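If you're wondering where the values come from, they're calculated on a predicted model, not measured in any experiment. So you know, we letter chains A, B, ... as the sequences are listed, proteins then strands, and number each from 1.
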Amino acid sequence: MSIFVDRNTRVIVQGITGRDGSFHARQMMAYGTTVVGGVTPGKGGRTFEGPEGRSAPVFDTVEEAVSATGADASVIYVPPAFAADAIMEAADAGVRFVVCVTEGIPVLDMTRAHAFARDRGARVLGPNCPGVICPGEAKLGIIPGEIAAPGPVGLVSRSGTLTYEAVYHLTAAGLGQTACVGIGGDPLPGTSFVDCLEAFAADGVTEAVVMIGEIGGTAEQEAAAWVKRHLEVPAVGFIAGRTAPPGQRMGHAGAIVSGSAGTAAEKTQAFEENGVRVAERPVDIVSLVRESLAQ
Amino acid sequence: MSIFVDRNTRVIVQGITGRDGSFHARQMMAYGTTVVGGVTPGKGGRTFEGPEGRSAPVFDTVEEAVSATGADASVIYVPPAFAADAIMEAADAGVRFVVCVTEGIPVLDMTRAHAFARDRGARVLGPNCPGVICPGEAKLGIIPGEIAAPGPVGLVSRSGTLTYEAVYHLTAAGLGQTACVGIGGDPLPGTSFVDCLEAFAADGVTEAVVMIGEIGGTAEQEAAAWVKRHLEVPAVGFIAGRTAPPGQRMGHAGAIVSGSAGTAAEKTQAFEENGVRVAERPVDIVSLVRESLAQ
Amino acid sequence: MDLYEYQASERFRAAGMRTNQGVVAETPEAARAAAEQIGGPVIVKAQVHTGGRGKAGGVKLAASPAEARDRAGAILGMEIKGLRVRKVLVAPAEDIVSEAYAGVLVDREAQCAVMMVSAEGGVDIEEVAARDPGAIHKVRVDPRYGLLAHQARFLAGRLYSDKALARQGAKAIAQLYDAFVESGASMAEINPLVVNGAGEVVALDAKMSIDDNELFRLPEIEAMRDAGAEEPASRQARAAGLSFVKLSGAVGCCVNGAGLAMATMDLVKYYGGEPANFLDIGGSSSPDKVVAALEIITTDPDVKAILFNIFGGITRCDDVAKGIVEATSRVGLEVPLVIRLTGTNEALAKDILAEAGFQFASSMDDVVEKAVNLASA
Amino acid sequence: MDLYEYQASERFRAAGMRTNQGVVAETPEAARAAAEQIGGPVIVKAQVHTGGRGKAGGVKLAASPAEARDRAGAILGMEIKGLRVRKVLVAPAEDIVSEAYAGVLVDREAQCAVMMVSAEGGVDIEEVAARDPGAIHKVRVDPRYGLLAHQARFLAGRLYSDKALARQGAKAIAQLYDAFVESGASMAEINPLVVNGAGEVVALDAKMSIDDNELFRLPEIEAMRDAGAEEPASRQARAAGLSFVKLSGAVGCCVNGAGLAMATMDLVKYYGGEPANFLDIGGSSSPDKVVAALEIITTDPDVKAILFNIFGGITRCDDVAKGIVEATSRVGLEVPLVIRLTGTNEALAKDILAEAGFQFASSMDDVVEKAVNLASA
C-alpha cells in the first residue's frame, strides 16, 4: 500500500547536519523510514544520532553514501543556492527517487536539474514540496507522521500545509491513505499530478483519489483530463485561492493568476466537467470521499 | 551492398551555395546520390542547378528542407565557426545521418554537438572527414566517385586522401568495395572504426575489411580488439606516420604522438596481435586483401 | 521583481543589443534637460510596473525640449492601473519602418525557457495570441544547450525576409536570451522590436521580470529595486522574508504555507467575512518572523480581528507560539486574536500560549468563524 | 598553440584563481628590478613551451634582487629540450606546505573534458599515472552541463581532508575549468597546486594549450602568440594556412592531406631517403597555398629534390597545377621537381602542367622513388 517508496526504500538525507535536515531525519527515523545515511560536505566520517539509540553515518558526498549504504532514495534539505546541484549530485550517484524539500531554488537552475535527472533516469519530487508519506511504510520529507494512517485513499497536492489539513481530516474520519504526496508549489515540479495519478492507478489498492490544487498554471486541468480518460476509481478535488485577486503572487511561485488563465473557477470547472467532485471547504473533502467510496 | 546509406537515402546539402558545397553537390548528383535539396540561410527559395538538367530546391533552414523533401541524411560544407550548429540543426530537424566535411571545428564545440546528436538519435560521420561512398549506390561527401567500384571489400579510414589512394589501388586491381568510409582525422569523431566494423559485419556481403589508421589516439587498438572478438571476415590494416617524430602535430588534430602512446609501432603491433595483417606501403594493401579473400 | 523599462533596457545593452537608449527624469525640468542633451524629437515614456501605459496616455512624442518638459509634467504623477508614475524615460524618437515582438519566458509545460516572436509587434501580444495563434512562433530552449544559433535564425526568419535584417534579428534574439539568463529573469520581452529608417533592428521597449529566487546572487539587480515605489508594509514583509499581499477586508490572517493561507482566505469569505491580507510566514519559521508578521498586520487600521492558522510540519508550533507571546508583549494588541495551532511540537506551543493566557480554536473552520464574528462585532 | 606559464597564469587569474603572480623579464637587469619591486625572496622561472625545466636548471630561488639578476643571467639564453629561453618569470617565493596536481583535457574516449587531480603534485604526473593509477582521480564533464559543483567538491575532497582547504580547492578546480573553456583550451594544468604557509590554495605553475581552431574567435589569446619564438618557415606556413613541420632530410614533400603526407614520408624512408618536411596543403586548396608551400620548401638549403603527391578530392588538381606554374615562374626552381597528381580535375591539371613543360610520375611509389633518387644524386 504505497507509491514511489516503501519500508524497504533505503534513504539518505542531504543536509542531515543542518537545523531542518537533522530534525526531520530524526522524525523520519522515528516513523520507521529506513534512513541509511546522510550527506554534509566536510562532515563525512561523523555519526548522526537518531531517536531510540539509532544512528546513521554521515558522508561528504552522495556518491560515497550510495556506495557505502546502497541508498536508492534521497531527501534534500540544503539551502536554495546549493539545492539544484544536490539534486544533480543525487541523480549522478544513481539515486532513483529524490525528494527536494528546499524552497526558493532559482527556476533556471531547476530547468537544468530536471533535465539532468531525466538524463540519469531519476524521479524528482519537488522542489519546494513536503514530500511523500506512505502510512505504515515510510515517510520522506516533512509531512507529520501522526496525521496519516493506512487506508484506501490516495492524496496528491500542490500545497504543503493544506495537504496536512486534508490528511488530518481524512484520518480523523477513519479514512486512511495509501500515500499522500505533496508535489510542491514551484512552477516546475519534477513530479506532476498525472505522474501520481498513474502511480495510484497502478498500485491496485487505492480506492479513491484526492487532488488538492491551487490557482496558477494548468496542472489541475491536465490532471482532470487524465482522470476522465484513465482513472477507474473516484476522484475528489479542492482548489485553494478562489478569493485571490488576479495578477498578485500569493506566497510561492506557483500561486499566481495572470489574466484569466489558471483561476480557481477555471480549475473547478475542469474538475467538475471531468467527473472530479469538488469540495468547497477542506473539511468537505471527507464527506465527498466517503460518498465516493460508498458508491 | 552498402552501409549507412544507399540509393534511396534522401540527402540535403548544408552550405549548397558555397564554393565547396556547390561543387560537391553536383558531384554527388552526378554519381546518382538522391540529393533532394540544399540549405543556405538567406538563400531559401532559389533553385540549385545540378548536372544533366537536374536541380534541387534551396531552403533557409534544415527544418524547412526536411519537411518539404523528407530528407533523412545531410552533408555539411559550412565554415568551421558555424559547422557545429549545422550538425545540431540537422539533428534537431530529425536527420538521422549527418556527414560533416568541414575541417577546423573547435573541439569543445564538437563535444556539445556530439552530445546533441546522441540526444536526438542522429549518427554523425566526421567532422573533418571525406564522407562515405557505397559504389553504385550513393556517395555523401567528397570521395571521388570514379576511383571506387562495387565489390566485396569494406574500407574504413581516419584519413582523407590516403583513403582515396587505397581505394584507387583496390579498384585498379579489380577489388571493388561495399562501402568506403572516411571517419575523419579529428580527435572526436562521431563514428568510430568499431561503428563501421559493426556495420560491415552486419551487412552480410562484405568479405574483407581494410582499416587505414594513423598515429595518435587509440582508435586502431580498440578496432583491433573488436576484430579479434567479433569480426568473422579477414581484416587488413595500414598505419600512416611510422616516421613521424614524437610530440609533433602532423597536419590535423588527430595525428599527434605524445610520448609512447599512439605510435605507429604500437598500433601495428595491436593489429598484428589481433589477426589484422598490416601493409607496409599503401599499394601492398591490394596483395594482402587478395590473399585474404583467396583463403 | 519587475524592472522598469530603462533598467531592462540597460540589461539588454549589457548583452550587446541595440536599444532606444534614453535618460531617466523625475521632474519636468530634468526631462527638458534630457531632451536638450539628446537633441531632435524625443519620446517621453512613463516608467511603471504595468503594461498598457500607451493607451493610458503615458507615452508622448515631443518635438522640442520645452515640449518634452510639458509632456513630462503631464505624465509624472499620473496614475496607470493604480500605480503612480514617478519617473519618465526621455529617449530619441525613432523613425519606425516595422514593428515586431520578441519575448522569452519559462514555460511550465515544457519545463524550459521558450522564445517567441511575432511579426505583429507594438500591440498587446496576448490579444494576438488569442486572435491568431499562428502569428506567434515559438522555440523551446533545451537548458542543456541554451539557445542555439539555428533556433535564433529560425525565429528571425519568421520576422524578416530580408537577409541582412534576418541576421540582425537573429543577433537581437540571441542577445535577448543572454540578457534573460544573465539577469535571472522569468520573463523578458521586447515590444516593439523595430526596424528603423536606417535599416537597424532596435529594441524600442524593454520589459523584464526577475525570479526573486535569483536575487541573492545578483546584487547589481537587487540594487535596481525601487523601494520608494513599494508600500511600507510590503517592504517590511519582504525584509522579514514573509509573503504578504494587502487586501481590503477586516480579518487579518497569519498562516503558514501559501495553499493553506489561500484556503483560509477562501474560508473567511465562506463565513461571510473579508480577509485583510494574504500572509504566509513560510516554512521553518523562527519566532522573529511571527513578530514581524503581527507588526505588519496590526499596522493596518482596517483590521478588526486577527487569526492564526498554523499546521506545523517544517514549521514548529512552539516557534510560532514564542513569536506570538513576544510580539503581543512588545506591541500590545488592540484587536482580538484567535489561534489555531496543530502539528509539529503542538503540545509545547500550547503550554507556552496557555501560560501567557491565550485560548485556542479547535479547527480551521472554528478559528475562521470566530475571527469573522469578532471582526464584524 | 601553447601558452607560456605567465600567460596561462593570467588566464587563470581572469577566472578568479589565486596564482603566484610575477613579472616577466627578458634581461637580467629587468629581473633584478622585478625582484626589487616584488620584495623578499623570489623564484626565477624559465618561460619555455616544454616541461622538465626544473630538472634542466630553469627554475632557481633568489634571496635578493642581485641574486635574481644573476639567476636570470644564467637561465636566459639556456636551451631546454632544444628551445632557447628568452624570458623568465620572477615571482614571489611561496612557503609551501603541500603540493597537489590539477588538470583538465579533452578526452577522446569519453568525448568530453575530463578533470583530474592528484595529491601527488610537483612531480611528473605521467610518471605518477604509470606508477600508481589510483593516485589520480578523474571526473568526466558532461558538455551539456559543464563542471558541476558536486564534481569540483568531489575532486577537492581527494586533495584535502581539511574542510576550509577542500572549499578553496573546489573553487580553484571550478576556476581551472572556467579558464579552460573560456580560453578554448585543449589542456590546462596546475602542477603544483600548493597550500602555502597562510593556508591558501595557490596555483604555483600554469600550463595551457589552446585549440588552434578556437583562435579565430579569441583575438586576445591569438595576441599572446610569441611569433619571435617560431621558426620563420613555421610562421610563414601558419600565415598561409599550411600544416608544416621541418625535418632533417633532403626530400621536400608537398602533399594534400595529413594521412597521405605521413604515408608519403614513410615511403620516402622505405625507398632509402629522408623527408625534409611534413607539409599538408589541406583540403580546398587555392593556387596561393601551393605557391606559399613551394616558397617554404625551397627556402630550406638541405632540400635536394621536391615531390608533389596530390590526390584530388575536395582539393582540385587544376588549382595545384596553377600554383606550381605560378610559383616556379616567380621564384625559379634550383632543385628537381617530380609531380604526381590524380583525382578531381586531373585532366585539366595535366594540360596546364604539360603546357609549362612539367612531367608526371605514374603513382605514389613512382613519385617517391624518383624524388629519393634525385635527392641522393
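Within a 6.0 Å sphere centred on NZ of C:Lys138, other residues, nucleotides and ligands contribute 12 heavy atoms or fewer. For A:Tyr168, the OH atom is loosely surrounded, since the number of other residues' heavy atoms within 6.0 Å does not exceed 12. Atom CD of C:Glu231 has 12 or fewer neighbouring heavy atoms from other residues, nucleotides or ligands inside a 6.0 Å radius. Taking a 6.0 Å sphere around CD of C:Glu109, one finds it holds 12 or fewer heavy atoms contributed by other residues, nucleotides or ligands. At most 12 non-hydrogen atoms from other residues, nucleotides or ligands lie less than 6.0 angstrom from CD of C:Glu126. Within a 6.0 Å radius of CZ in A:Phe82, no more than 12 heavy atoms belonging to other residues, nucleotides or ligands are found.
Among all heavy-atom pairs drawn from A:Pro282 and C:Met364, the shortest one is CG-CE, 3.9 Å. Of all non-hydrogen atoms in C:Ala263 and A:Ala240, the two that sit nearest each other are N-CB, 4.0 Å. Between A:Leu108 and C:Val181, the shortest heavy-atom contact is CD1-CA, 4.1 Å. The two residues A:Leu162 and C:Gly259 come nearest to each other via the heavy atoms CD2-O, 3.7 Å.
Residue contact with chain A, scored on non-hydrogen atoms closer than 4.5 Å, involves the side chain of C:Tyr271 exclusively. Residue contact with chain C, scored on non-hydrogen atoms closer than 4.5 Å, involves the side chain of A:Pro144 exclusively. Proximity to chain C involves both the backbone and the side chain of A:Ala81, based on heavy atoms less than 4.5 angstrom apart. The contact between C:Asp107 and chain A is made entirely by backbone atoms, counting heavy-atom distances below 4.5 Å. Using a 4.5 Å cut-off between heavy atoms, A:Phe238 touches chain C through its side chain atoms alone. Proximity to chain A (any heavy atom under 4.5 Å) is shown, for C:Ala110, by neither the backbone nor the side chain. With a 4.5 angstrom heavy-atom cutoff, A:Ile239 touches chain C only via backbone atoms. Of the two parts of A:Ile147, only the side chain, counted from C-beta on, holds a non-hydrogen atom closer than 4.5 Å to a non-hydrogen atom of chain C.
Taking OG1 of C:Thr342 as the reference point, atom OH of A:Tyr164 lies at 12.0 Å (rounded to 0.5 Å). Rounding to the nearest 0.5 angstrom, the gap separating the CD atom in A:Glu146 from the OG1 atom in C:Thr344 is 6.5 Å. The distance from the CG atom of C:Asn213 to the CG atom of A:Asp109 is 9.0 Å, given to the nearest 0.5 Å. Remark: A:Ile215 CD1 to C:Met262 CE distance equals 4.5 Å, nearest 0.5 Å. Remark: A:Glu165 CD to C:Leu260 CG distance equals 6.0 Å, nearest 0.5 Å.
In this structure, A:Thr161 contributes its side chain and C:Phe311 its backbone to no donor-acceptor pair below 3.5 Å.
Between A:Pro189 and C:Gln111 there is a side-chain heavy-atom pair separated by less than 4.5 Å.
Tested against A:Thr243, the residues C:Val268, C:Thr264, C:Asp266 include a single side chain to side chain contact (heavy atoms under 4.5 Å, CB included) partner, C:Asp266.
For chain A, the option among C:Gly312, C:Gly343, C:Ala185, C:Ala261 with the highest count of heavy-atom pairs below 4.5 Å is C:Gly312.
Side chains of C:Tyr270 and A:Arg242: no donor on one and acceptor on the other come within 3.5 Å.
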| said: Before you tell me yes or no, could you show the steps for C:Val106 and A:Leu188 under side chain to side chain contact (heavy atoms under 4.5 Å, CB included), namely the whole-Å CA-CA distance, both residues' side-chain angles and the distance that decides it to 0.1 Å? | reply: CA-CA 9 Å; C:Val106 176; A:Leu188 306 183; 4.0 Å; yes

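With respect to C:Arg108 and A:Glu222, no salt bridge is recorded, no charged nitrogen being found less than 4.0 Å from a carboxylate O.
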